[in-house]
Amino acid sequence: MLTAAEVDQLHDDVVSWFEENARDLPWRRDTSGWSVLVSELMLQQTPVVRVLPVYAAWMARWPTPADLAAEPVGEAVRAWGRLGYPRRAQRLHAAATAIVTDHGGQVPSDHATLLTLPGVGEYTAAAVASFAFAGRHAVMDTNVRRVLTRVVEGRQYPAASITAAERRLAHDLLPHDDAHRWAAATMELGAVVCTAKAPRCDACPVRDLCRWRALGYPEHDGPARKGQAWAGTDRMVRGRLLAVLRESDGPVEKARLDTAWDEDDQRERCLDSLLDDGLVTLLDDGRFAL
DNA sequence: CACCCGTGGGC
DNA sequence: TGCCCAAGGGT
């Protein structure tokens, strides 16, 4: 465990490094609740570079939650483009609607209230409360979890899911002042220096405090972490079906969707699931639309 | 808690 | 070339 002095050193080193090295990202310029909420939903499991252009177009078209809520959810799914996990677009639209109907059109600043919004879980609520409203929360995304696991615990990777011990550690490490800067700084450190695969320890501001480094970089032991199956999965087929609808200007015939995948059973099952999820709509004339 | 949900780039 | 990974959430 780190001493109090080492914790202070950790805070100072990481925050100072961040102030010198922070990337200039649009959601760090516009830190309104809506800007941060949109960016956080888009960044869930999607890299920054792919989010940038979609975020810019999105904010230009829908500068407020009310602007988005006024349009059909299908427009949100279409504008989501190829970011992946299109249910996030659906949830963002639902969140905008809830913000308008239940919160006077203003993104809530309170963590517990943020948690009630569709698509907003523990991490995103903490991130919005911190980055848009300077709140004090343990912000635990994949980057922060990896940084703390390495620096403090001396292991290469965190557990598959967040543990109680991890929450306690993150909370114990929260600075009393400007915790939101610590949150942003640790995320940035994990994103650009303490990366999963090839960490740039030579550029790390806390290499001298890092327990993982002191131990000689022991590799992850225990069962291999589960990979995400992809080829031939329903996710891939759903993605192909949605791509057809996205690339079309308007509704499409069933025959068009049938070209997306040649196994009838799986294709029909996936189309049904997309209809169930509300990501695809069946029109009265038998055609399909977003 | 395990599993499912898209997409594309890097090595 | 496959495999890993990316500012997670919902069930």
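Convention: sequence-line order gives letters A, B, ...; per-chain numbering from 1.
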Separation of the P atoms in C:dG9 and B:dG9, to the nearest angstrom
25 Å

Stepwise side-chain hydrogen bond (donor to acceptor under 3.5 Å, both in side chains) check, A:W212 with A:Q156
CA-CA 7 Å; A:W212 188 47; A:Q156 186 178 22; 5.6 Å; no

Distance between P atoms of B:dC3 and C:dC4 (Å, rounded)
16 Å

May I ask you to list the residues of residues 257-278 of chain A, by number, that have any heavy atom positioned under 4.0 Å from an atom of DNA chain C?
none

Between CZ of A:R200 and SG of A:C194, what distance do you get to the nearest 0.5 Å?
11.5 Å

How close or far is atom P of B:dG6 from atom CE of A:M42, stated in whole angstroms?
16 Å

Heavy-atom nearest nucleotide on DNA chain B taken for A:A243 and for A:A160; more 5' hit belongs to A:A160

Looking only at atom types and distance, does a side-chain atom of A:S248 sit under 3.5 Å from a main-chain N or O of A:V244, one as donor and one as acceptor?
no

In the 5'-to-3' direction, what one-character label does each nucleotide of nucleotides 6-11 of chain C receive under the scheme B = base within less than 4.0 Å of a protein heavy atom, S = sugar-phosphate only, - = no such atom?
BBBSS-

Whole-angstrom distance between B:dG6 and C:dT1, as gauged at atom P:
27 Å

Is there a salt bridge (charged side-chain N to carboxylate O under 4.0 Å, His left out) between A:D67 and A:R61 once you walk through the steps?
CA-CA 8 Å; A:D67 293 321; A:R61 181 172 177 184; over 6 Å; no

Send over the distance from A:L92 CG to B:dC5 P, rounded to a whole Å.
21 Å

Any side-chain to backbone donor/acceptor pair from A:Q90 onto A:D277? Under 3.5 Å, distance only.
yes

Any side-chain N or O of A:R246 below 4.0 angstrom from OP1/OP2 of B:dG6?
no

Taking any heavy-atom pair under 4.0 Å as a contact, classify A:L83: base, sugar-phosphate, or nothing.
base

According to the interplanar angle, ranging from 0 to 90°, do the rings of A:Y157 and A:H220 count as parallel (below 30°), tilted (30 to 60°) or perpendicular (above 60°)?
tilted

Length of the line joining A:L245:CG and B:dG6:P, which is rounded to integer Å
13 Å

Rounded distance in Å between the P positions of B:dA2 and C:dA7
23 Å

Can you measure A:R235 atom CZ to B:dC3 atom P for me and round it to whole angstrom units?
13 Å

Distance, nearest 0.5 Å, that separates CD of A:Q106 from CD1 of A:I99
9.0 Å

About how many Å separate CG of A:L68 and CH2 of A:W34, when rounded to the nearest 0.5 Å?
4.5 Å

Do other residues, nucleotides or ligands put more than 12 heavy atoms under 6.0 Å from the CZ atom of A:R269?
yes

